[in-house]
Engineer: 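Take a look at this one; I'll ask things after.
Hydrogens, waters and symmetry mates play no part in the numbers below; they use all other heavy atoms, side chains included. We're numbering straight along the sequence, starting at 1.
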Amino acid sequence: MLVEGQSRVSKSKLRRILWLIIAILVATKLYVARLQWIHHQSHPSIVGSSGKNHKIAGFHESHPVTSSLRTKHKHVELQNNHYVHNNNDSTFRKNSSDQPKWAYAFLIAACDPDMPLTYRNYIYNILVAANLLDSDPTNPSKGDVILMIQFTTKTNATRLPDSDLAWLQNTTLPNNSNRKIRIHYLPLVIRDNFYLAQLEKFRILELTEYSRILYLDADVMPLCNLDYLFELSENGKLRPNVVLAGFTEPSQGGFFLLETKDGYYQELLEIVERREQLTEWNDTLGWGAVMDEAWHGIPSGQTKQNGTLSARTSTRWGFHGGFADQGLLYYWTRFHRQNVSIIFLDRIEHWENGNLQESLSPPPQWLLGRTCLPKRMDGRRHYGSVVVPTFLNHVPHRDFIHFTGSRKPWEKKVYEFPKTMNGVKSSHDYWYYNLGLISENYKKENPTTLDQPTLPLRWARPKLGRFPTLRSMVRTIDKKKELALRRQQQQQQQPEKEG
């Protein structure tokens, strides 16, 4: 009797669990259908009234197509299977006689004007960066400063709000009153995630009016004029492409210099398309090359038994960001263009035609002597709240600070701007000191606006998170394949309708 009773109870519980699962599945299906309906209503340019699918940026087919479309972001032309963005922003100068041949480029992706706290502090950082590039009045930077803006797929915005534009274009920077930040709007991607945003960095290759572009993440603060990297790359001391090795990767995706030429971005898109034919990531093949020679990271500070500093090394692509920007950067410069200088703390490696041509250790004086910081704040370099003495005498690492993760200045509570350099004790202080100078100019030039930074700065978690994931990569590739299949099916149905 006890066993039979227990059996009845178990069956009853099982029925309830099954009905609960069915209810959850039905509710989930209804919720997904609702989201798809909302997405369709808010994205009419993706599926037109005729039922035809239109391609959007970040999706590439295997057959060349020539067409044009209007997305909710400016005019985009589809040529030879890829998108070419016609930037009509009057602040972006093309092919003019006074065009600088170099540029510093930043990117803010998934920008949502309805949620300014997710991106506004990055705008502040770019203003600080632009100001510090001109920190030496006798040697201001000769390069343009470009901010690439890519809006979230969940907004209909086509330009930044006036309040943001006032900061970027109507504020006199203390170190150079002529410095203006040029805004370059990018087309939408197929979905908002960190993986796709990381690949959008390489749109700097489209800006072929410049011979070299130095890309910096939007949370990087240069400490002074970095034009010497352009000069050394142009005169042959450094190769046309320059990357910095990291602690856990052979190339840092937050700071790199690339040569631009017509057709380069098309080539890179084809590399991405070829890699994404396989959904799963392959640590051996990576972006398309099996490594015969191992890559090396910079010393981590840990010491081996023989007394030398240890550094990560491998012939596999499983390093941090290997499936995203850092792996693509390494493949593009070392295996595709085959012309890159990789800078470590203690040496420089020159790679040409797939082989290591030269290793200079220690780096020669033509690099060490070009640092733009003959003096350092209180004799030390700070990295957020962590002092990194290994960067003290290494160029160019000592000339910029990357506020990675949660070490960003605006994520620390500060209640007043340092009024003088005497109050600057860390890189965070230095950031707030420069923002305070810029803010004073903004108040003078925009006295009626209430849109001014108040301390402590408010912020919200970035919409895309802080790093790419393999899951977001897989979802993106699956979405691209789904769109490709849908378009193929519609192309096959089109002749039947016409007939």
Side-chain angles (χ1 to χ4, degrees), residues 103-108 116-137 140-141 143-149 160 163-183 214-227 254-255 372-373 376-377 381-385 396 398-404 407-414 416-421 423-446 451-459 462:
Y104 298 84
F106 300 83
L107 167 67
I108 300 179
L117 294 183
T118 62
Y119 71 88
R120 172 63 66 83
N121 291 310
Y122 292 99
I123 288 180
Y124 291 156
N125 184 73
I126 292 162
L127 287 164
V128 168
N131 190 52
L132 288 173
L133 288 171
D134 300 324
S135 57
D136 183 353
S141 172
D144 276 349
V145 176
I146 300 171
L147 170 55
M148 298 185 292
I149 293 289
L160 288 171
S163 56
D164 292 333
L165 293 175
W167 272 100
L168 289 166
Q169 297 177 336
N170 299 334
T171 304
T172 300
L173 295 180
N175 290 334
N176 186 349
S177 60
N178 295 319
R179 168 70 67 191
K180 299 298 179 185
I181 295 174
R182 307 189 180 281
I183 300 174
L214 179 60
Y215 173 84
L216 304 93
D217 274 352
D219 54 2
V220 170
M221 179 177 71
L223 298 175
C224 47
N225 183 0
L226 299 174
D227 284 4
F255 186 101
C372 54
L373 283 180
R376 295 183 294 277
M377 295 177 293
R381 264 294 312 275
H382 293 77
Y383 191 85
S385 59
R398 61 177 275 186
D399 293 343
F400 70 94
I401 296 173
H402 193 172
F403 298 114
T404 57
R407 291 188 286 268
K408 299 174 185 11
W410 51 90
E411 296 188 22
K412 310 298 179 184
K413 287 189 177 181
V414 173
E416 64 178 359
F417 293 112
K419 299 301 181 183
T420 67
M421 280 296 292
V424 174
K425 304 298 182 185
S426 70
S427 56
H428 285 173
D429 292 341
Y430 196 46
W431 188 87
Y432 275 102
Y433 170 71
N434 278 274
L435 180 59
L437 297 177
I438 297 168
S439 179
E440 287 300 318
N441 279 6
Y442 180 83
K443 291 175 185 178
K444 293 176 184 177
E445 296 162 0
N446 303 273
D451 184 36
Q452 298 171 357
T454 56
L455 300 180
L457 291 177
R458 298 171 60 203
W459 63 280

Engineer: Could you check whether any side-chain N or O of Asp217 sits under 3.5 Å from a backbone N or O of Phe255, counting only pairs where one atom can act as donor and the other as acceptor?
Structural biologist: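 Pair absent, no side-chain N/O of Asp217 close to backbone of Phe255.
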Engineer: Has Tyr432 got a side-chain atom pairing as donor or acceptor with Pro409's backbone, closer than 3.5 angstrom?
Structural biologist: yes
Engineer: Apply side chain to side chain contact (heavy atoms under 4.5 Å, CB included) to residues Phe106 and Val145 and explain how you reach the verdict.
Structural biologist: CA-CA 8 Å; Phe106 300 83; Val145 176; 4.0 Å; yes
Engineer: What orientation do Tyr124 and Trp167 show, parallel under 30°, tilted 30 to 60°, or perpendicular over 60°?
Structural biologist: perpendicular
Engineer: Take Ile438 and Leu173, measure what side chain to side chain contact (heavy atoms under 4.5 Å, CB included) needs, and give me the verdict at the end.
Structural biologist: CA-CA 6 Å; Ile438 297 168; Leu173 295 180; 4.1 Å; yes
Engineer: Restricting to non-hydrogen atoms, name the atom on Gly143 and the atom on Asp227 that form the minimum distance, rounded to 0.1 Å.
Structural biologist: N-OD2, 4.0 Å
Engineer: What heavy-atom pair brings Ser163 and Arg120 nearest, and what distance separates the two atoms?
Structural biologist: OG-NH2, 3.3 Å
Engineer: Checking side chain to side chain contact (heavy atoms under 4.5 Å, CB included) for the pair Leu160/Ile149: CA distance, chi angles, key distance, verdict?
Structural biologist: CA-CA 8 Å; Leu160 288 171; Ile149 293 289; 4.1 Å; yes
Engineer: For side chain to side chain contact (heavy atoms under 4.5 Å, CB included), just list the numbers for Thr404 and Arg407, CA-CA rounded to whole Å, side-chain angles, deciding distance to a tenth of an Å, and then say yes or no.
Structural biologist: CA-CA 6 Å; Thr404 57; Arg407 291 188 286 268; 2.6 Å; yes
Engineer: Does the side chain of Asn434 come under 3.5 Å of the side chain of Asn131 through a donor N or O and an acceptor N or O?
Structural biologist: yes
Engineer: Taking only residues two or more places apart in sequence, or in another chain, which ones meet Asp429 in a salt bridge (charged side-chain N to carboxylate O under 4.0 Å, His left out)?
Structural biologist: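 Applying salt bridge (charged side-chain N to carboxylate O under 4.0 Å, His left out) to Asp429 gives none.
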Engineer: Holding to salt bridge (charged side-chain N to carboxylate O under 4.0 Å, His left out), I want the full list of residues that pass it with Lys408, two or more places apart in sequence or in another chain.
Structural biologist: Asp219
Engineer: Which pair of heavy atoms, one from Glu445 and one from Asn170, lies closest together, and at what distance?
Structural biologist: OE1-O, 3.0 Å
Engineer: Is a side-chain N or O of Asp144 found less than 3.5 angstrom from the main chain of Lys180, in a donor-acceptor match?
Structural biologist: no
Engineer: Could you report the tightest heavy-atom contact between Pro140 and Asn176, atom names first, then the distance?
Structural biologist: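 For Pro140 and Asn176, the tightest heavy-atom pair comes out as CB-ND2, 4.5 Å.
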Engineer: Grab the two heavy atoms, one from Val220 and one from Gly254, that are nearest each other, plus how far apart they are.
Structural biologist: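 Shortest heavy-atom contact: CG2-O, 3.7 Å.
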Engineer: Considering all heavy atoms of both residues, which atom of Phe403 and which atom of Ser427 are nearest to each other, and what is their separation?
Structural biologist: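 Smallest heavy-atom distance, with atoms named: CE2-OG, 3.7 Å.
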Engineer: Ignoring hydrogens and geometry beyond distance, is a side-chain donor-acceptor pair present between Thr171 and Asn441 at under 3.5 Å?
Structural biologist: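 Thr171 vs Asn441: no donor-acceptor pair found between side chains.
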Engineer: Can you tell me how far the CG atom of Leu226 sits from the CG atom of Leu214, to the nearest 0.5 Å?
Structural biologist: 6.5 Å
